[in-house]
Amino acid sequence: MSLDEYLKICKDKGFKELEDMLVLSGYFHELGVFLHFQDDDILKKTIILNTAWGTDAVYNVLDNETVRENLGKFDRNDLKNIWNEEKYITMRSELLKLMMNFKLCYEIPSQPGNYIAPQLLSAEQTEYNWDEDNNLLLRYEYEFMPKGILTRFIVETHAIIENETCVWKTGVVLNKDGARAEIIERYRYHKGEIRIRVSGNRKRDLLTTVRHELGKIHDSYERLKYETLVPCNCSKCKGSQSPHFYLWDVLNKFIDDQRPEIQCIKSYDMVNVQGLVNDIVKRDLNPSRNKEESEMSNSGKYSIKADVVNITETNLGEVIGKKYASDPSIKNALDEIINKLTELNNKYPNVSETTATEIINAEFRGIQKNQPEKWEIIKQIFNGKRWLNGGKTALIKIGEHYSENNVFCKAVVGFGEGFTDS
């Protein structure tokens, strides 16, 4: 729908002020009722009513054999061949901007009209030299790490990627004003970490840029749970690539409680707390949290808004466009699974993950055999196509939200990975 059509409908319904019409549009955008990117010069004139239209178009690019063989690189001629259906032909520019707004691709600075989808980059780390002397280090550890944080970071910082080529699927090297930053994602199951080290001149300025961009991404997830770790600078740890790390929240608590020193568990030296903080960011000795501190602190638990469209990367580099509340089959299936997880957690509160896996297998195989009607509902998540296209991610996210990441949530994901739809 064109913006003019939308404004006409608003006027017909009694709206008089343009500002109010745009506020309503922004509200519907946030809820996932439709998509309207008001700040984008190309997309602001179009309202996308059917989010699946855009999602399907994105799938067509990311699943395209030529794009995959080119490790995520494509150009406008490729898009003409990919988006050759009538429903896409007149909207190619909008669809490309949609991909860029969802941080799924970026234009190569030195090659206008050529783009990279970083989730399809090579998994092999690019070769480069690194000066390990006098590095600044920082780490983020995630209790539940959504896929796609680093690929979104790569899109946001693509203008300063070293030589435009020092980037791979799980890492990137940035170069700015004489400083270099290496950012590498390590992911195992749903836990993960991002390791950062910075060398060269004006290191702290570049580290500030990295933290700022990651902070924006963190803030886009509602209650993402992570911890920020700061390296020790005692005589033994300073300059080491494997120093002792302190939790940022612990350092802040020491400062708030006016405890000036903390002990390093590697050297047993007492270390100045304010000096540890100042290695990362300038901060006044003040108990009140400033904005920059809050961006680096623990942000609570990760969850998903049920009725918001989320574009998320899966393990296979796929993209999910999902409005949970609008698909009754998904909602009912997830509700059934969540209820079962809650029931089992209450019944077996202290079991190990191995035992939980055995219980999950028995429970869901029993439902499959003895309660076929209920199984038909639950199977909406576990069938092969749904699992590939986001069932796993949806289950992890919503199971995490409702089940507090207990062992049964992990076990049901393992069950889904081993399940074959019959």
Side-chain angles (χ1 to χ4, degrees), residues 1-62 76 79-80 82-107 113 115 148 152 155-156 215-223 291 303-313 319-332 334-335 389-390 394 397-398 401:
M1 174 188 290
S2 71
L3 178 58
D4 289 340
E5 290 178 277
Y6 165 78
L7 296 177
K8 184 179 184 303
I9 292 173
C10 287
K11 290 176 182 178
D12 291 343
K13 296 299 181 181
F15 283 82
K16 296 181 179 180
E17 299 296 329
L18 175 63
E19 182 180 356
D20 293 337
M21 301 177 201
L22 294 178
V23 167
L24 179 63
S25 170
Y27 177 69
F28 282 147
H29 175 90
E30 289 297 322
L31 288 179
V33 176
F34 57 58
L35 298 178
H36 184 205
F37 295 91
Q38 297 184 23
D39 297 328
D40 189 283
D41 289 339
I42 292 178
L43 290 175
K44 68 182 180 182
K45 297 178 181 180
T46 301
I47 293 174
I48 300 173
L49 299 176
N50 182 2
T51 57
W53 172 82
T55 303
D56 291 343
V58 170
Y59 270 122
N60 290 343
V61 177
L62 299 182
R76 290 183 180 272
L79 294 180
K80 286 181 182 179
I82 296 169
W83 292 331
N84 57 10
E85 297 178 53
E86 184 177 348
K87 60 182 178 179
Y88 299 138
I89 289 175
T90 62
M91 297 292 290
R92 287 173 184 151
S93 295
E94 286 81 359
L95 286 168
L96 178 58
K97 286 296 291 184
L98 191 66
M99 288 188 69
M100 297 175 77
N101 276 10
F102 282 142
K103 314 304 177 188
L104 299 173
C105 70
Y106 62 87
E107 187 172 25
Y115 302 86
R152 290 175 61 185
V155 172
E156 293 285 7
K216 289 194 300 183
I217 295 170
H218 290 158
D219 290 345
S220 71
Y221 295 95
E222 188 174 331
R223 302 195 303 275
K291 182 177 186 296
S303 68
I304 184 171
K305 289 183 179 179
D307 50 0
V308 175
V309 174
N310 288 275
I311 303 298
T312 309
E313 186 183 353
V319 176
I320 310 160
K322 179 180 69 66
K323 192 164 76 170
Y324 170 58
S326 70
D327 190 333
S329 66
I330 297 178
K331 183 181 188 304
N332 292 338
L334 286 169
D335 285 345
N389 290 339
K397 287 181 179 179
I398 300 190
H401 175 57

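No hydrogens, no waters, no symmetry mates; every other heavy atom, side chains included, goes into these values.
Taking each heavy atom of Leu43 and Glu94 in turn, the nearest pair found is CD2-O, 3.4 Å. The minimum heavy-atom distance between Met99 and Leu62, with the atom names listed, is CE-CD2, 4.3 Å. Closest heavy-atom contact between Met21 and Leu7: SD-CD2, 3.6 Å. The two atoms that bring Cys105 and Val155 nearest to each other are O-CG1, 3.5 Å, heavy atoms only. Counting all heavy atoms, side chain and backbone alike, Met91 lies closest to Thr46 at CE-CG2, 3.8 Å. Looking at every heavy atom in both residues, Glu156 comes nearest to Lys103 through OE2-CE, 3.0 Å.
Atom CG of Leu22 and atom CG of Leu3 lie 6.5 Å apart (nearest 0.5 Å). With values rounded to the nearest 0.5 angstrom, Leu79 atom CG is found 11.0 Å from Asn84 atom CG. With values rounded to the nearest 0.5 angstrom, Lys11 atom NZ is found 10.5 Å from Glu17 atom CD. Atom CG in Leu35 sits 10.5 Å away from atom CD in Glu30 (nearest 0.5 Å).
Formation of a donor-acceptor pair under 3.5 Å by the Trp53 side chain with backbone atoms of Lys87 is found in this model.
Test Leu96, Asp39, Asp40 against Asn101 for side-chain contact (heavy atoms from CB on, under 4.5 Å) and you get one pass: Asp40.
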> Given the rule in the salt bridge (charged side-chain N to carboxylate O under 4.0 Å, His left out) test, do Asp4 and Lys8 qualify, once you have shown the distances and angles that lead to the verdict?
Replying inline: CA-CA 6 Å; Asp4 289 340; Lys8 184 179 184 303; over 6 Å; no
> Should Phe37 and Ile42 be marked as a side chain to side chain contact (heavy atoms under 4.5 Å, CB included) after you check the CA-CA gap, both sets of side-chain angles, and the distance that decides it?
Replying inline: CA-CA 9 Å; Phe37 295 91; Ile42 292 178; over 6 Å; no
>> Apply side chain to side chain contact (heavy atoms under 4.5 Å, CB included) to residues Tyr6 and Leu24 and explain how you reach the verdict.
In response: CA-CA 11 Å; Tyr6 165 78; Leu24 179 63; 3.6 Å; yes
>> Before you tell me yes or no, could you show the steps for Ile9 and Phe15 under side chain to side chain contact (heavy atoms under 4.5 Å, CB included), namely the whole-Å CA-CA distance, both residues' side-chain angles and the distance that decides it to 0.1 Å?
In response: CA-CA 9 Å; Ile9 292 173; Phe15 283 82; over 6 Å; no
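Side-chain contact check for Tyr27 versus Val23: every heavy-atom pair is 4.5 Å or farther apart.
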